[in-house]
Engineer: 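Mind looking over this structure? Questions follow.
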Amino acid sequence: MKVVWENIKTYSDIKFELYRGVAKITINRPNVYNAFRPETNMQMLEAIDVCRERNDIDIVVFTGEGDKAFCSGGDQNVKGSGGYIGKDGVPRLNVLDLHKKIREIPKPVIAMVNGYAIGGGHVLHVVCDLTIASDNAIFGQTGPKVGSFDGGFGSSYLARHVGQKKASYLSRMVGQKKAREIWFLCEQYSAKEALDMGMVNKVVPLKDLENTVLEWCSIMQKRSPLALRMIKRSLNAELDGQHGLMQLAGDATLLYYLTEEAQEGKTAFLEKRNPDFKKYPKFP
Ligand code: 2NE
(Lines give C-alpha, C1' and ligand atoms only; values in the text may rest on other atoms or scores of the structure.)
Protein backbone atom coordinates (compact mmCIF):
# COMPACT_ATOMS: atom_id res chain seq x y z
CA MET A 1 0.00 0.00 0.00
CA LYS A 2 1.47 3.36 -1.05
CA VAL A 3 0.96 5.81 1.78
CA VAL A 4 1.52 9.53 1.34
CA TRP A 5 1.64 11.35 4.65
CA GLU A 6 0.51 14.97 4.69
CA ASN A 7 2.51 17.35 6.86
CA ILE A 8 0.43 18.90 9.66
CA LYS A 9 3.12 21.15 11.09
CA THR A 10 6.89 21.39 10.76
CA TYR A 11 9.02 21.09 13.90
CA SER A 12 12.74 20.76 14.62
CA ASP A 13 12.57 17.51 16.63
CA ILE A 14 9.47 15.71 15.42
CA LYS A 15 7.51 15.06 12.27
CA PHE A 16 3.77 15.52 12.61
CA GLU A 17 1.77 14.01 9.76
CA LEU A 18 -1.68 12.80 8.80
CA TYR A 19 -3.02 10.00 6.65
CA ARG A 20 -6.72 9.13 6.47
CA GLY A 21 -7.53 10.17 10.05
CA VAL A 22 -4.32 8.73 11.51
CA ALA A 23 -1.88 11.27 12.97
CA LYS A 24 1.73 10.12 13.12
CA ILE A 25 4.20 11.74 15.52
CA THR A 26 7.75 10.69 14.64
CA ILE A 27 10.66 11.55 16.91
CA ASN A 28 13.12 12.82 14.34
CA ARG A 29 16.51 12.68 16.07
CA PRO A 30 18.07 9.56 14.51
CA ASN A 31 21.64 10.62 15.37
CA VAL A 32 20.87 9.98 19.04
CA TYR A 33 18.56 7.03 18.35
CA ASN A 34 15.57 9.32 18.76
CA ALA A 35 16.38 10.32 22.32
CA PHE A 36 14.21 13.17 23.51
CA ARG A 37 15.25 16.53 24.93
CA PRO A 38 12.83 19.05 26.53
CA GLU A 39 12.13 20.67 23.14
CA THR A 40 11.18 17.26 21.69
CA ASN A 41 8.67 16.75 24.46
CA MET A 42 7.28 20.28 24.11
CA GLN A 43 6.68 19.63 20.44
CA MET A 44 5.04 16.24 21.14
CA LEU A 45 2.88 17.88 23.81
CA GLU A 46 1.70 20.47 21.31
CA ALA A 47 1.08 17.84 18.63
CA ILE A 48 -0.97 15.59 20.90
CA ASP A 49 -3.10 18.57 21.91
CA VAL A 50 -3.81 19.13 18.22
CA CYS A 51 -4.72 15.44 17.88
CA ARG A 52 -7.14 15.75 20.78
CA GLU A 53 -8.86 18.83 19.37
CA ARG A 54 -9.11 17.92 15.69
CA ASN A 55 -12.24 16.04 14.74
CA ASP A 56 -10.59 14.61 11.63
CA ILE A 57 -7.97 12.78 13.72
CA ASP A 58 -9.17 9.40 14.98
CA ILE A 59 -5.97 7.71 16.14
CA VAL A 60 -2.45 8.78 17.14
CA VAL A 61 0.70 6.81 16.27
CA PHE A 62 4.08 7.42 17.89
CA THR A 63 7.24 6.20 16.19
CA GLY A 64 10.90 7.02 15.61
CA GLU A 65 12.74 8.10 12.50
CA GLY A 66 14.79 5.46 10.67
CA ASP A 67 15.10 1.72 11.26
CA LYS A 68 17.33 1.70 14.34
CA ALA A 69 15.28 3.15 17.13
CA PHE A 70 11.77 3.95 18.25
CA CYS A 71 13.17 6.06 21.10
CA SER A 72 16.20 5.70 23.37
CA GLY A 73 14.77 7.81 26.20
CA GLY A 74 16.13 11.02 27.59
CA ASP A 75 19.03 12.59 25.69
CA GLN A 76 21.99 12.01 27.98
CA ASN A 77 23.88 14.89 26.35
CA VAL A 78 21.52 17.42 27.96
CA LYS A 79 20.88 15.73 31.28
CA GLY A 80 21.65 18.13 34.11
CA SER A 81 21.30 17.75 37.85
CA GLY A 82 17.61 18.70 37.94
CA GLY A 83 16.42 17.08 34.73
CA TYR A 84 16.97 17.47 31.02
CA ILE A 85 18.10 20.99 30.15
CA GLY A 86 16.62 22.74 27.14
CA LYS A 87 17.79 25.81 25.28
CA ASP A 88 16.11 27.98 27.94
CA GLY A 89 18.48 26.54 30.54
CA VAL A 90 15.62 25.11 32.62
CA PRO A 91 15.92 21.47 33.73
CA ARG A 92 12.74 19.55 32.95
CA LEU A 93 11.25 16.06 33.07
CA ASN A 94 8.40 17.01 30.79
CA VAL A 95 8.09 13.57 29.20
CA LEU A 96 5.90 12.78 32.21
CA ASP A 97 3.43 15.40 30.96
CA LEU A 98 3.37 13.52 27.67
CA HIS A 99 2.56 10.28 29.48
CA LYS A 100 -0.41 11.98 31.14
CA LYS A 101 -1.67 13.31 27.81
CA ILE A 102 -1.36 9.88 26.17
CA ARG A 103 -3.46 8.41 28.98
CA GLU A 104 -5.98 11.24 28.80
CA ILE A 105 -6.54 11.73 25.07
CA PRO A 106 -9.88 10.02 24.37
CA LYS A 107 -8.60 8.34 21.21
CA PRO A 108 -6.46 5.22 20.71
CA VAL A 109 -2.70 5.79 20.79
CA ILE A 110 -0.40 3.23 19.15
CA ALA A 111 3.35 2.82 19.61
CA MET A 112 4.82 1.75 16.27
CA VAL A 113 8.12 0.37 17.58
CA ASN A 114 10.66 0.19 14.79
CA GLY A 115 13.87 -0.58 16.70
CA TYR A 116 15.20 0.14 20.16
CA ALA A 117 12.58 1.10 22.75
CA ILE A 118 14.96 1.74 25.59
CA GLY A 119 14.81 3.69 28.85
CA GLY A 120 12.28 6.51 28.55
CA GLY A 121 11.60 5.17 25.04
CA HIS A 122 10.47 1.91 26.58
CA VAL A 123 8.22 3.82 28.96
CA LEU A 124 6.77 5.72 26.02
CA HIS A 125 5.61 2.49 24.35
CA VAL A 126 4.38 1.10 27.67
CA VAL A 127 2.13 4.15 28.15
CA CYS A 128 0.58 3.87 24.67
CA ASP A 129 -2.69 1.93 24.38
CA LEU A 130 -1.31 -0.56 21.87
CA THR A 131 2.16 -1.54 20.70
CA ILE A 132 2.97 -3.00 17.31
CA ALA A 133 6.65 -3.81 16.86
CA SER A 134 8.97 -4.79 14.08
CA ASP A 135 10.88 -8.04 14.51
CA ASN A 136 14.16 -6.12 14.97
CA ALA A 137 12.75 -4.18 17.94
CA ILE A 138 14.58 -4.40 21.25
CA PHE A 139 13.00 -3.50 24.55
CA GLY A 140 14.49 -2.63 27.91
CA GLN A 141 15.01 -0.22 30.75
CA THR A 142 18.35 1.37 31.56
CA GLY A 143 17.48 3.76 34.38
CA PRO A 144 19.38 2.11 37.25
CA LYS A 145 22.39 1.77 34.90
CA VAL A 146 22.50 5.44 33.90
CA GLY A 147 21.27 7.12 37.07
CA SER A 148 17.55 7.39 36.53
CA PHE A 149 14.24 5.61 37.00
CA ASP A 150 10.56 6.06 36.18
CA GLY A 151 8.37 4.85 39.00
CA GLY A 152 5.21 6.12 37.31
CA PHE A 153 3.44 4.40 34.45
CA GLY A 154 6.81 3.04 33.34
CA SER A 155 6.79 0.75 36.37
CA SER A 156 3.24 0.32 37.65
CA TYR A 157 1.57 0.01 34.25
CA LEU A 158 4.44 -2.17 33.01
CA ALA A 159 3.75 -4.55 35.88
CA ARG A 160 0.13 -4.79 34.70
CA HIS A 161 1.29 -5.53 31.16
CA VAL A 162 3.58 -8.43 31.62
CA GLY A 163 1.92 -11.78 31.96
CA GLN A 164 -1.38 -10.31 30.83
CA LYS A 165 -1.98 -13.23 28.48
CA LYS A 166 -2.75 -15.35 31.53
CA ALA A 167 -5.82 -14.43 33.49
CA SER A 168 -5.23 -15.78 36.95
CA TYR A 169 -4.30 -13.72 39.98
CA LEU A 170 -1.01 -15.58 40.26
CA SER A 171 0.02 -14.61 36.73
CA ARG A 172 -0.44 -10.95 37.63
CA MET A 173 2.05 -11.49 40.44
CA VAL A 174 4.45 -12.79 37.80
CA GLY A 175 3.87 -9.40 36.17
CA GLN A 176 5.23 -7.67 39.24
CA LYS A 177 8.20 -10.05 39.33
CA LYS A 178 9.03 -9.57 35.67
CA ALA A 179 8.67 -5.81 35.90
CA ARG A 180 11.17 -5.79 38.74
CA GLU A 181 13.53 -7.96 36.72
CA ILE A 182 13.26 -5.59 33.75
CA TRP A 183 14.07 -2.58 35.94
CA PHE A 184 16.60 -4.16 38.32
CA LEU A 185 18.73 -5.95 35.71
CA CYS A 186 18.42 -3.50 32.77
CA GLU A 187 18.68 -6.38 30.28
CA GLN A 188 17.39 -6.16 26.71
CA TYR A 189 14.52 -8.25 25.36
CA SER A 190 13.70 -9.21 21.78
CA ALA A 191 10.39 -8.39 20.14
CA LYS A 192 9.43 -12.08 20.46
CA GLU A 193 10.19 -12.05 24.19
CA ALA A 194 8.22 -8.83 24.58
CA LEU A 195 5.29 -10.44 22.76
CA ASP A 196 5.45 -13.51 25.00
CA MET A 197 5.47 -11.26 28.07
CA GLY A 198 2.35 -9.46 26.87
CA MET A 199 4.19 -6.16 26.49
CA VAL A 200 3.36 -5.81 22.80
CA ASN A 201 0.27 -6.66 20.77
CA LYS A 202 1.87 -7.83 17.53
CA VAL A 203 5.28 -8.35 15.92
CA VAL A 204 5.76 -8.08 12.16
CA PRO A 205 8.68 -7.73 9.75
CA LEU A 206 9.99 -4.16 9.64
CA LYS A 207 8.87 -3.76 6.01
CA ASP A 208 5.28 -4.51 7.04
CA LEU A 209 5.22 -2.40 10.19
CA GLU A 210 3.56 0.77 8.97
CA ASN A 211 0.98 -1.05 6.84
CA THR A 212 0.08 -3.31 9.76
CA VAL A 213 -0.38 -0.29 12.02
CA LEU A 214 -2.57 1.37 9.39
CA GLU A 215 -4.59 -1.85 9.00
CA TRP A 216 -5.24 -1.91 12.75
CA CYS A 217 -6.15 1.77 12.57
CA SER A 218 -8.62 1.18 9.73
CA ILE A 219 -10.32 -1.53 11.79
CA MET A 220 -10.57 0.74 14.83
CA GLN A 221 -11.84 3.57 12.63
CA LYS A 222 -14.87 1.37 11.83
CA ARG A 223 -15.65 1.03 15.53
CA SER A 224 -17.71 3.49 17.58
CA PRO A 225 -15.37 6.31 18.69
CA LEU A 226 -17.43 6.91 21.80
CA ALA A 227 -17.30 3.22 22.73
CA LEU A 228 -13.51 3.18 22.25
CA ARG A 229 -13.26 6.32 24.38
CA MET A 230 -15.28 4.78 27.21
CA ILE A 231 -13.27 1.55 27.09
CA LYS A 232 -10.00 3.48 27.29
CA ARG A 233 -11.28 5.58 30.17
CA SER A 234 -12.58 2.52 32.03
CA LEU A 235 -9.38 0.54 31.64
CA ASN A 236 -7.34 3.57 32.73
CA ALA A 237 -9.56 4.17 35.77
CA GLU A 238 -8.56 0.87 37.34
CA LEU A 239 -4.93 2.01 37.55
CA ASP A 240 -5.27 5.76 37.72
CA GLY A 241 -7.13 6.02 41.02
CA GLN A 242 -9.11 9.18 41.73
CA HIS A 243 -7.68 10.85 38.62
CA GLY A 244 -8.89 7.96 36.46
CA LEU A 245 -12.32 8.06 38.08
CA MET A 246 -12.45 11.80 37.40
CA GLN A 247 -11.74 11.19 33.71
CA LEU A 248 -14.35 8.42 33.49
CA ALA A 249 -16.86 10.55 35.41
CA GLY A 250 -16.15 13.44 33.04
CA ASP A 251 -17.22 11.27 30.16
CA ALA A 252 -20.30 10.14 32.10
CA THR A 253 -21.13 13.85 32.45
CA LEU A 254 -20.60 14.34 28.73
CA LEU A 255 -23.03 11.50 27.99
CA TYR A 256 -25.51 12.92 30.51
CA TYR A 257 -25.32 16.35 28.87
CA LEU A 258 -26.38 14.67 25.64
CA THR A 259 -29.67 13.52 27.20
CA GLU A 260 -32.97 15.41 27.08
CA GLU A 261 -33.21 15.02 30.84
CA ALA A 262 -30.07 17.12 31.34
CA GLN A 263 -31.24 19.66 28.78
CA GLU A 264 -34.52 20.00 30.69
CA GLY A 265 -32.62 21.15 33.80
CA LYS A 266 -30.83 23.90 31.93
CA THR A 267 -33.88 24.93 29.90
CA ALA A 268 -36.06 25.17 33.01
CA PHE A 269 -33.47 27.38 34.71
CA LEU A 270 -33.31 29.73 31.72
CA GLU A 271 -37.13 29.78 31.46
CA LYS A 272 -37.40 30.49 35.22
CA ARG A 273 -39.63 27.48 35.90
CA ASN A 274 -39.34 24.23 37.86
CA PRO A 275 -37.78 21.42 35.81
CA ASP A 276 -40.04 18.48 34.93
CA PHE A 277 -37.76 15.45 35.22
CA LYS A 278 -40.70 13.04 35.74
CA LYS A 279 -41.27 12.54 32.02
CA TYR A 280 -37.91 10.83 31.47
CA PRO A 281 -37.55 7.05 31.84
CA LYS A 282 -35.76 5.47 34.78
CA PHE A 283 -33.92 2.41 33.54
CA PRO A 284 -33.96 -0.57 35.93
C1 2NE B 1 19.88 2.32 22.55
C2 2NE B 1 21.22 1.64 22.72
C3 2NE B 1 21.03 0.31 23.49
C4 2NE B 1 21.78 1.33 21.32
O5 2NE B 1 23.06 0.78 21.43
P6 2NE B 1 23.99 0.68 20.12
O7 2NE B 1 25.28 0.10 20.58
O8 2NE B 1 23.26 -0.05 19.04
O9 2NE B 1 24.17 2.18 19.57
P10 2NE B 1 25.02 3.36 20.24
O11 2NE B 1 26.31 3.47 19.54
O12 2NE B 1 25.07 3.22 21.72
O13 2NE B 1 24.06 4.61 19.92
C14 2NE B 1 24.04 5.20 18.63
C15 2NE B 1 24.18 6.69 18.82
O16 2NE B 1 23.05 7.17 19.52
C17 2NE B 1 23.47 7.84 20.69
C18 2NE B 1 24.79 7.19 21.05
O19 2NE B 1 25.55 8.03 21.90
C20 2NE B 1 25.41 7.04 19.68
O21 2NE B 1 25.90 8.27 19.24
P22 2NE B 1 27.32 8.36 18.45
O23 2NE B 1 28.33 7.72 19.32
O24 2NE B 1 27.08 7.62 17.16
O25 2NE B 1 27.52 9.83 18.24
N26 2NE B 1 22.48 7.65 21.73
C27 2NE B 1 21.76 6.56 21.95
N28 2NE B 1 20.93 6.73 22.97
C29 2NE B 1 21.14 7.97 23.43
C30 2NE B 1 20.59 8.73 24.48
N31 2NE B 1 19.61 8.25 25.27
N32 2NE B 1 21.04 9.98 24.68
C33 2NE B 1 22.00 10.49 23.88
N34 2NE B 1 22.58 9.80 22.86
C35 2NE B 1 22.14 8.56 22.65
C36 2NE B 1 22.24 2.52 23.47
O37 2NE B 1 22.57 3.62 22.67
C38 2NE B 1 21.77 2.99 24.79
O39 2NE B 1 21.77 2.25 25.75
N40 2NE B 1 21.39 4.26 24.87
C41 2NE B 1 21.12 4.94 26.12
C42 2NE B 1 19.72 4.63 26.58
C43 2NE B 1 19.46 5.33 27.89
O44 2NE B 1 20.10 5.06 28.87
N45 2NE B 1 18.50 6.27 27.91
C46 2NE B 1 18.17 7.08 29.02
C47 2NE B 1 17.43 6.30 30.08
S48 2NE B 1 16.78 7.30 31.38
C49 2NE B 1 15.34 7.93 30.65
O50 2NE B 1 15.19 7.86 29.49
C51 2NE B 1 14.31 8.56 31.49
C52 2NE B 1 13.94 8.03 32.70
O53 2NE B 1 14.51 6.94 33.17
C54 2NE B 1 12.98 8.67 33.50
C55 2NE B 1 12.35 9.78 33.02
C56 2NE B 1 12.72 10.30 31.80
C57 2NE B 1 13.68 9.68 31.02
Side-chain angles (χ1 to χ4, degrees), residues 12-14 25-45 47-48 62-88 90-103 109 111-128 131 133-162 178-194 197 199-200 206 209 239:
S12 62
D13 286 19
I14 65 167
I25 300 172
T26 306
I27 302 178
N28 189 18
R29 307 189 73 226
N31 292 345
V32 286
Y33 276 27
N34 299 318
F36 52 77
R37 53 182 180 169
E39 292 84 353
T40 323
N41 291 323
M42 283 173 196
Q43 292 167 17
M44 290 196 282
L45 286 165
I48 200 161
F62 280 94
T63 192
E65 181 64 18
D67 59 2
K68 294 282 189 294
F70 167 71
C71 174
S72 64
D75 186 333
Q76 298 307 290
N77 298 303
V78 299
K79 192 171 175 214
S81 60
Y84 294 88
I85 302 176
K87 290 205 177 95
D88 59 6
V90 178
R92 297 176 197 277
L93 201 56
N94 57 356
V95 74
L96 301 181
D97 296 329
L98 181 67
H99 299 166
K100 285 187 274 182
K101 282 190 188 285
I102 291 172
R103 295 285 284 182
V109 180
M112 183 165 87
V113 177
N114 54 317
Y116 282 108
I118 293 284
H122 189 251
V123 175
L124 182 60
H125 104 83
V126 164
V127 174
C128 291
T131 298
S134 55
D135 49 13
N136 66 324
I138 296 175
F139 298 82
Q141 294 297 157
T142 60
K145 206 162 62 175
V146 295
S148 182
F149 69 94
D150 182 337
F153 290 119
S155 299
S156 54
Y157 191 31
L158 174 67
R160 304 290 177 96
H161 277 203
V162 292
K178 201 75 191 179
R180 283 161 211 247
E181 174 195 313
I182 290 167
W183 272 99
F184 290 2
L185 272 65
C186 298
E187 299 281 8
Q188 295 181 355
Y189 303 87
S190 68
K192 166 80 171 62
E193 288 170 307
M197 284 189 267
M199 276 202 302
V200 309
L206 181 61
L209 182 60
L239 187 63

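Numbering of ligands and ligand atoms starts at 1, following listing order. Numbering starts at 1 and runs along the sequence shown.
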Engineer: Please confirm whether the backbone N or O of K87 pairs with a side-chain atom of E39, one donor and one acceptor, at under 3.5 Å?
Structural biologist: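 It does hold such a pair.
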Engineer: For atom 55 (C) of ligand 1, what is the closest protein heavy atom, and at what distance to 0.1 Å?
Structural biologist: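 Among all protein heavy atoms, the one nearest atom 55 (C) of ligand 1 is L93 CD1, 3.7 Å.
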Engineer: Please indicate, with yes or no, if any protein heavy atom is found under 4.0 Å from atom 40 (N) of ligand 1?
Structural biologist: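 No; the ligand atom in question lacks any protein heavy-atom contact below 4.0 Å.
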Engineer: Main chain of T40, side chain of Q43: is a donor-acceptor contact present, judged purely on distance under 3.5 Å?
Structural biologist: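 Side chain of Q43 to backbone of T40, a donor-acceptor pair under 3.5 Å: no, none is there.
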Engineer: Give the residue and atom name of whichever protein heavy atom lies nearest to atom 7 (O) of ligand 1, and the separation in Å to one decimal.
Structural biologist: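 Minimum-distance protein heavy atom for atom 7 (O) of ligand 1 reads Y116 OH, 5.0 Å.
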Engineer: If every non-hydrogen atom of A35 is compared with every non-hydrogen atom of I27, which pair is closest and at what distance?
Structural biologist: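 A35 and I27 have their closest heavy atoms at O-CG2, 4.3 Å.
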Engineer: Do side-chain atoms of T26 reach the backbone of T63 as a donor and acceptor pair under 3.5 angstrom?
Structural biologist: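 Answer holds: no.
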Engineer: What residue and heavy atom of the protein are closest to atom 38 (C) of ligand 1, and at what distance?
Structural biologist: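 Residue, atom and distance for the closest contact: I118 CG2, 4.7 Å.
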Engineer: Once you round to the nearest 0.5 Å, how far does CZ of R37 lie from CE of M42?
Structural biologist: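 Rounded to the nearest 0.5 Å, the CZ-CE separation comes to 10.5 Å.
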Engineer: Is there at least one pair of N or O atoms, one from Q188 and one from ligand 1, spaced under 3.5 Å apart?
Structural biologist: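 For ligand 1, there is no N or O atom that lies under 3.5 Å from one belonging to Q188.
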Engineer: Look at atom 32 (N) of ligand 1 and say which protein heavy atom is nearest, naming residue and atom and giving the distance to 0.1 Å.
Structural biologist: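 So the nearest neighbour among protein heavy atoms is Q76 N, 2.9 Å.
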Engineer: State the atoms of ligand 1, each with its element, that fall below the 4.0 Å cut-off from a heavy-atom position in N77.
Structural biologist: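 What qualifies from ligand 1 is 33 (C), 34 (N).
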Engineer: Write out the residue and atom name of the closest protein heavy atom to atom 49 (C) of ligand 1, then the distance separating them to 0.1 Å.
Structural biologist: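 For atom 49 (C) of ligand 1, the nearest protein heavy atom is G120 N, 3.5 Å.
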Engineer: Of the non-hydrogen atoms in G115 and S134, which two are nearest, and what is the gap between them?
Structural biologist: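 Closest approach of G115 to S134, heavy atoms only: N-OG, 3.9 Å.
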Engineer: In the complex you have, is atom 25 (O) of ligand 1 within reach of the protein, judged by whether a heavy-atom distance drops under 4.0 Å?
Structural biologist: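 Protein heavy atoms within 4.0 Å of atom 25 (O) of ligand 1 - there are none.
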Engineer: Could you see which bit of V32 sits under 4.0 Å from ligand 1, with heavy atoms only: side chain, backbone, both or neither?
Structural biologist: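 Both of them.
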Engineer: Is there a nitrogen or oxygen of S72 sitting under 3.5 Å from a nitrogen or oxygen of ligand 1?
Structural biologist: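 Such a contact does occur with ligand 1.
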Engineer: Suppose I only count heavy atoms of A35 and a 4.0 Å limit; which atoms of ligand 1 are within that range?
Structural biologist: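 Here the atoms of ligand 1 in question are 30 (C), 31 (N), 32 (N).
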Engineer: Tell me, which protein residue and heavy-atom name are nearest atom 21 (O) of ligand 1, and how many Å apart are they?
Structural biologist: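 Minimum-distance protein heavy atom for atom 21 (O) of ligand 1 reads N31 O, 3.9 Å.
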Engineer: Start with the C-alpha gap between Y33 and E65, add the side-chain angles, then the distance that decides, and say whether side-chain hydrogen bond (donor to acceptor under 3.5 Å, both in side chains) holds.
Structural biologist: CA-CA 8 Å; Y33 276 27; E65 181 64 18; over 6 Å; no
Engineer: For P144 and W183, which heavy atoms make the closest approach, and how far apart are they?
Structural biologist: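 Scanning both residues completely, I find the closest heavy atoms to be CG-O, 3.2 Å.
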Engineer: Heavy-atom contacts with V95 under 4.0 Å: which atoms of ligand 1 show up? List them by number with element.
Structural biologist: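 So the answer, numbered in order with elements, is 56 (C).
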Engineer: Looking only at distance, does V146 have an N or O less than 3.5 Å from an N or O of ligand 1?
Structural biologist: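 Looking only at distances, the answer is no, because the N/O contact criterion of under 3.5 Å is not met.
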Engineer: Protein heavy atoms: any of them under 4.0 Å from atom 28 (N) of ligand 1?
Structural biologist: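 Under 4.0 Å from atom 28 (N) of ligand 1, at least one protein heavy atom found.
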Engineer: State whether any protein heavy atom lies less than 4.0 Å from atom 45 (N) of ligand 1.
Structural biologist: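 So far as the 4.0 Å threshold goes, atom 45 (N) of ligand 1 is in reach of a protein heavy atom.
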Engineer: Can D97 and R92 be counted as an ion pair, charged N to O under 4.0 angstrom?
Structural biologist: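 No, no charged N to carboxylate O under 4.0 Å.
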Engineer: Testing the basics here: between G83 and P91, what is the closest heavy-atom pair and its distance to 0.1 Å?
Structural biologist: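 Smallest interatomic distance, heavy atoms only, reads N-CB, 3.7 Å.
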Engineer: Right, does atom 18 (C) of ligand 1 have protein non-hydrogen atoms nearer than 4.0 Å?
Structural biologist: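 Given the 4.0 Å cut-off, atom 18 (C) of ligand 1 does not count as touching protein heavy atoms.
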Engineer: Checking a contact table here: which protein heavy atom is nearest atom 53 (O) of ligand 1, and how many Å away?
Structural biologist: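 Of the protein heavy atoms, S148 OG, 2.8 Å lies nearest.
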Engineer: Among Y116, F139, F153, F70, whose ring-ring contact (aromatic ring centres under 6.0 Å, His included) with H125 holds?
Structural biologist: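 It is F139, the one option of Y116, F139, F153, F70 that forms the ring-ring contact (aromatic ring centres under 6.0 Å, His included) with H125.
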Engineer: Can you check whether T142 has an N/O within less than 3.5 Å of an N/O in ligand 1?
Structural biologist: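 Yes; the residue has a nitrogen or oxygen that sits under 3.5 Å from a nitrogen or oxygen of the ligand.
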Engineer: Return yes if some donor-acceptor pair links the side-chain N/O of N114 with the main-chain N/O of G66 below 3.5 Å, else return no.
Structural biologist: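 It does hold such a pair.
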Engineer: Would a search of protein heavy atoms around atom 36 (C) of ligand 1 find one under 4.0 Å away?
Structural biologist: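 Given the 4.0 Å limit, the answer for atom 36 (C) of ligand 1 is no, no protein heavy atom qualifies.
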Engineer: Any N or O on G73 sitting closer than 3.5 Å to an N or O of ligand 1?
Structural biologist: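 Checking ligand 1 against G73, no N or O pair falls under 3.5 Å apart.
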Engineer: At what distance, to the nearest 0.5 angstrom, does CG of L124 lie from OG1 of T131?
Structural biologist: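 OG1 of T131 is found 9.0 Å from CG of L124.
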Engineer: Which option wins on minimum heavy-atom distance to atom 6 (P) of ligand 1: F36, Y84, F149, Y33?
Structural biologist: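 Shortest heavy-atom distance from atom 6 (P) of ligand 1: Y33.
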Engineer: Which heavy-atom pair separates S148 from K79 by the least distance, and what is that distance?
Structural biologist: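 Shortest heavy-atom contact: CB-NZ, 3.9 Å.
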